[in-house]
Protein chains: 2
Amino acid sequence: MFKRWNKSIKKLEIKKKTTIKDIGDLLGLTPSAVSKALNNHPRISDKTKKAVQDAAIKLQYQPNFLSSALRKGKSNMVGLIVPRINTNYYSSVIENIEDVLNENGYNVIMAQTNESYNKECKSIDNLLNIQVDGIIASIANETVSFDYYQKIKEKGVPLVLFDRGENDLDVDYIGIDDYNCSHLIVAHLAGQNYKKIAHITGYSHTRIFKNRIRGFRDAMQKFDLPIQENSIIECNLQVEDGRRIMKALLNQEKRPDAIYAASDNAALGALEVLLEEGIQVPEEMAIVGFGNEPFSTIIKPQISTINQFNAEIGKQAALAFLERIKNPEKKVSLNKIILDSELMIRSSSYRKL
Amino acid sequence: MFKRWNKSIKKLEIKKKTTIKDIGDLLGLTPSAVSKALNNHPRISDKTKKAVQDAAIKLQYQPNFLSSALRKGKSNMVGLIVPRINTNYYSSVIENIEDVLNENGYNVIMAQTNESYNKECKSIDNLLNIQVDGIIASIANETVSFDYYQKIKEKGVPLVLFDRGENDLDVDYIGIDDYNCSHLIVAHLAGQNYKKIAHITGYSHTRIFKNRIRGFRDAMQKFDLPIQENSIIECNLQVEDGRRIMKALLNQEKRPDAIYAASDNAALGALEVLLEEGIQVPEEMAIVGFGNEPFSTIIKPQISTINQFNAEIGKQAALAFLERIKNPEKKVSLNKIILDSELMIRSSSYRKL
DNA sequence: CATGTTTATTCAATCGATTGAACAACTAAT
DNA sequence: ATTAGTTGTTCAATCGATTGAATAAACATG
C-alpha cells in the first residue's frame, strides 16, 4: 500500500513540470513577480531575483516556450525549406544556418520539398501555422508559380532565399554569380584550346540555370566559339542524366570536345561514360562540373569544378534573416548578397597537367 | 490623404491574422462554437460546421499552432539530435524520419551536436523547453555520461535512439547487428585467404564500436586467425585518421594484409595511402569499409563495405516514436529493432575479381 | 505632519484555442 | 401539461508566461 502511494507520488513529480507559479508558491511571490525576476526586470529587487533564480534551479524550472511565444507573438523558430538535405551542398548550407541561428536563440524547423511544388506549398502553410518568425528557402525545381512565397511576404513573415531564388519575389537573396561562373569555365576551356563546348544544365525556368546558360552563351561568343546545335541540354542534373546525355552527345555527328555540366553529379555521369568508352579525359574531351562535391576529388581523373563556399552561403542566409528581424521597418534596401566562387582546375580539364 | 488611409488599411489587413474570434464575429457565433465546428465536434450542427468552414476559407484562417499546443499540452514537434547532418548516412536517415513524421502531422526540429557533449546537453534542454512531443537521437561521440538523456526520460518525453545507442538507457533503439557485421567481414576476408587483419574502429565506449570490436575478436578466433598486437586501433574514423593509421600500420614490423575499417571515410583514407605507396589492392592488401557511402563505388578500386539501409533506419525510428506516442502506457516492451545489413563485396577485397 | 518620490510587488488582462459544464430551445413521451 | 431527452450553443476556466497599470510600503522633503 505504502509502496504504491510512493510510486504514484513519484509519477506525479515526473509528469508535473514546474511553472513560475510553483516558484512563486515556494517563495510567497506571485507569478508575475517571478516572471519579472527571471526576465531581469529593473523594478525587481536583487534579493528577489537571486531567490527566484535559486528556486528555479532547485525546482528544475524550464520555461514553457509555447506560452511565452504565444504571449509575445514570437516563436523564435525559423522555417527552412530545401529541395532535399541529402546532398553535400544542402547539408553544408543547412548545417551552417542551424549553427548561426542556434547561437542567436533560434530553432530551425526543417522541411524538404523533394523538388515537388505541392509539398512546397504544404510546407509553407505548415510553417506559417507554427508561427515561425521567418523562412529561409531554396525553391523546388518544379516550382514555376510563386504565389505561396507571396503569401509568406503578405503575412509579413521575413523571407530569405538562397541558391534557387527568384528576382520577381523581391526578397533577400544569397547566391553566387552564376553568369560569371560560366565565363570562368568557358575562359578556362577556351584557354586550353577546347572549341566545341557542350553545356549540360538545369531547367532554364530556374534563375540560376538561366543565368548560367546566358553566361555560357555570352562567353562562347566572346571567345568566338560557335555554339553547336543541341549542345545546351536541360535536365535534372543527376548522375543518370549525365550518363544519358553524354551517350547522346557521343552519337552526335559533331561530337563536342568539352563538357560544362551544371552539377558535379551530371559531370560524374558523363565522365563515367567516357571512361567506359575508353575516351581519354582530358586529352580527347574535357569535363568541368559545378559545386565541388567531395567525390569530385575522389574519382580519377579529378573533376574540375566551381567551388561555392557552402558554409558561407549558409551563414549569410542566417545573418540576412537576423538582420531583417532586427530592422523590420527597413524594408527598402534588400540584401542581395552575391558571394565569391572559384574555379577549381583539376585533371579532368587540364591538358598540361 | 485617401491613398495613405488606404495603405494603412492594407497594412493592417496584412498584419492581422484571423482568429476563431473573427470567424465567430462574422457568423454571430462564439469562439468556442467555432472551435468545436472546426474540430468536428458532434454537438455542432452540420449547417454551422459548413458555414464556419466557408468563413475560414474566406478569411484565410490559419489556426494558431502555439495556442492550441499550449492548451492541449502537445506541440506536434519532434526533436532530432544528430552528430551532424553533413554525411550521407545521417542526411539519409533524417530525410526519412522527416518524411514519415510529416505524413503523420509532426514537425521536425533539428539539432546538431557536432559530436560535442556540451552542445548535446544544450540541445536537449532547448528541445525540452520547446515542449517537443518526443526526441529521436543519435548520441555524440564525446558523450560518456547519459544524465541528460535520463532527464528526457524523467520528464516523460518519449525517446528513441538510432545508430549510436546505449543499452543502459533502456529506451527504444533502431540499429543494425554490428557484432554480426564484423563476422560477415572477417568471414569474407578469411575466405579470400587474408590472415593478418587489422581493425580501424571508433571509440569503444560507444556501443556500436564496442560490438564491432567484440565481433571482430570473436570472428578472428572462430577462423583461427591470430589478432596482432596493435591491430585494433580506435579513432574518429575520418579520412585523415584512416591515412594516419594506415601509414603507421605500413611501418609496423608485421604488416597486415587486410584492413577492416569501421567507416568508409577511414577506408578511403587508408586506400589513398596504399595507392600512393604503390601497394596493390586487393592483391597485396584488402580493404573493407562500413556504411556504403556513395563515394565507395566511385573510387577505383571500389570499396567493399557494409550497406545499412539508411532509409529504413530513418523510417523505423520515426515509426518507433509514433508507436510510443500511441500507447504511452505500454512502457513495458521496448522496441529494439535490429535491421538487416549486407556486405557489398567489391574489388577492394575480392582477389578473384 | 502632509506630500511627493522611489522601490518592490501585486492585479488583471492578454495571447488564441480548447473543453467540460451549463443552459436554452425544441421534440418526444407519459 | 409535465417530465425526460436531444440538440446546438454559450459560459467560463484553462494552458503558462508576459506586461502595463495599480497599489503599497519605505523614505525623503518642505
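The basis for the numbers below is simple: all heavy atoms, side chains too, and nothing from hydrogens, waters or symmetry mates. Throughout, protein chains are lettered first and strands after them, A, B, ... in sequence-line order, and every chain is numbered starting at 1. Note that the structure is a prediction, hence the values are computed from the model and not measured.
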Inset, instruction - Determine, for nucleotides 18-28 of chain C in 5'-to-3' order, which nucleotides have protein heavy atoms under 4.0 Å from the base (write B), from only the sugar-phosphate (write S), or from neither (write -). - result: BBBB-------
Inset, instruction - Give the nucleotide from the list dT10(C), dC11(D), dG8(D) with an atom nearest to the side chain of Thr48(B). - result: dG8(D)
Inset, instruction - Salt-bridge test for Lys50(A) and Asp46(A): reply yes if a basic N is under 4.0 Å from a carboxylate O, no otherwise. - result: no
Legend entry - Sub-4.5 Å side-chain heavy-atom contact between Ile81(B) and Gln112(B): no
Inset, instruction - Measure the distance from CG on Asn129(A) to C1' on dA17(C) and round it to the nearest whole Å. - result: 13 Å
Inset, instruction - Give me the bend of the helix from dC1(C)-dG30(D) to dT30(C)-dA1(D), using the axes of the five pairs at each end, rounded to 10°. - result: 70°
Inset, instruction - Send over the distance from Asn40(B) CG to dG8(D) P, rounded to a whole Å. - result: 13 Å
Inset, instruction - Identify whether any heavy atom of Gly28(A) sits under 4.0 Å from a base atom; if not, whether one sits that close to sugar-phosphate; answer base, sugar-phosphate or nothing. - result: sugar-phosphate
Legend entry - Sidechain-backbone polar pair: Asp133(A) side chain, Ser75(A) backbone, donor-acceptor under 3.5 Å: yes
Legend entry - Glu98(A) bridged to Arg84(B) by N-O distance under 4.0 Å: no
Legend entry - Asn64(A) CG - dG16(D) C1' separation (whole Å): 5 Å
Legend entry - Thr19(A) vs dG16(D): side-chain N/O to OP1/OP2 distance below 4.0 Å: no
Legend entry - Check: Phe162(A) and Val82(A) side chains under 4.5 Å, non-hydrogen atoms: yes
Legend entry - Nearest-angstrom distance from the residue atom CD1 of Ile44(A) to C1' of dC11(C): 13 Å
Legend entry - Test item: Thr19(B) and Asp22(B) side chains (from C-beta on) under 4.5 Å apart, heavy atoms: yes
Inset, instruction - Report which part of the nucleic acid Leu29(A) touches: base, sugar-phosphate, or nothing (heavy-atom distance under 4.0 Å, all strands). - result: sugar-phosphate
Inset, instruction - Nearest whole angstrom, please: distance from the P of dG8(D) to the CG of Asp46(B). - result: 8 Å
Inset, instruction - May I ask you to verify if any side-chain N or O of Lys17(B) is less than 4.0 angstrom from the OP1 or OP2 atom of dG16(C)? - result: yes
Inset, instruction - Run the salt-bridge test on Asp170(A) and Lys336(A) with the 4.0 Å N-O cut-off and return the result as yes or no. - result: no
Inset, instruction - Take the protein atom CG of Leu27(A) and the nucleotide atom P of dT9(C), then report the distance between them rounded to whole Å. - result: 11 Å
Legend entry - Derivation of the side chain to side chain donor-acceptor pair (under 3.5 Å) call for Ser116(B) and Asn118(B): CA-CA 5 Å; Ser116(B) 143; Asn118(B) 252 323; 5.4 Å; no
Inset, instruction - Give a yes or no on whether a salt bridge exists between Lys21(B) and Asp25(B), defined as a side-chain N under 4.0 angstrom from a carboxylate O. - result: yes
Inset, instruction - Return the value, rounded to whole Å, for the distance between atom CD1 of Ile23(B) and atom P of dG16(C). - result: 13 Å
Inset, instruction - Could you tell me the separation between the NZ atom of Lys49(A) and the C1' atom of dT9(C), rounded to a whole number of Å? - result: 13 Å
